[in-house]
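Heads up, the thing below is written out as structure tokens.
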Amino acid sequence: MSYPQGGYPQGGYPKEGYQQGGYPGYQPGPPGYSPGGTQQQSTTTVVVGQPTASHTTLLHRSSGNHFLTLSIVMTFICIFCGGLLPAVLTVAAIFVSLSAKDDDLHGDEACARRKGRIALFLNILSAVLTLVGYAIIIGVVVKVVTSCTRYYDPYDKNYYCY
């Protein structure tokens, strides 16, 4: 195969019969270098590993109602409309409800349920005592109104109770 006197044919290296190393007397280039100005591209895969993030998911399942709202509402009802004993019971129910909520947050579900039932019982007891107090007051008023002896005073033309 013959080439023009200036070297390689136009368009680059000959496709056939070409030997690595080029012309006699020339040393081959460094690794990865190909004569003619083009470089071989070497593919290097770099694996970068990072630790995977671990997520901890805490599931908090509430054991139920602690009756805190009921205790607060019953306290206001008993203070304004009931007596002292039902109000004291509802304040105690508030503290028991808060303790049940705290136990539930710490994971002691059995104790939280038990204290929630105690708070409910105290609220029901205060409601019953308030209703009994109302019944006693209404009974006393009715008895006083209906038990008086009435007489008519002809001078004033009015009825009196004594």
Q | Identified side chain to side chain contact (heavy atoms under 4.5 Å, CB included) partner of Leu98 from the options Val96, Ile94, Asp102 | A | Ile94
Q: Ignoring hydrogens and angles, tell me if any N or O in the side chain of Ser99 forms a donor-acceptor pair with the backbone of Phe95 under 3.5 Å.
A: no
(Q) If I compare all heavy atoms of Asn123 with all of Ala93, which pair ends up nearest, and what's the gap? (A) OD1-CB, 3.6 Å
Q) So which heavy atom on Ser97 is nearest to which on His66, and how close? A) OG-O, 2.9 Å
Gap separating the [atom1] atom of [X] from the [atom2] atom of [Y], nearest 0.5 angstrom:
X	Y	atom1	atom2	answer
Arg117	Asn65	CZ	CG	13.0 Å
Leu120	Met74	CG	CE	10.5 Å
Leu131	Ile136	CG	CD1	11.5 Å

(Q) Could you check whether atom CZ of Phe76 has more than 12 heavy atoms from other residues, nucleotides or ligands sitting under 6.0 Å from it? (A) no
Q) Are Leu68 and Ile77 in one and the same hydrophobic cluster, where Ile, Leu, Val, Met, Phe, Trp and Tyr link if side-chain heavy atoms are under 4.5 Å apart? A) no
Pairs of donor and acceptor atoms involving the side chains of residues 79-91, under 3.5 Å and at least two apart or interchain, shall be tabulated with distances.
from, atom 1, to, atom 2, distance (Å)
Thr90, OG1, Thr75, OG1, 3.0
Thr90, OG1, Pro86, O, 3.3
Thr90, OG1, Ala87, O, 2.8

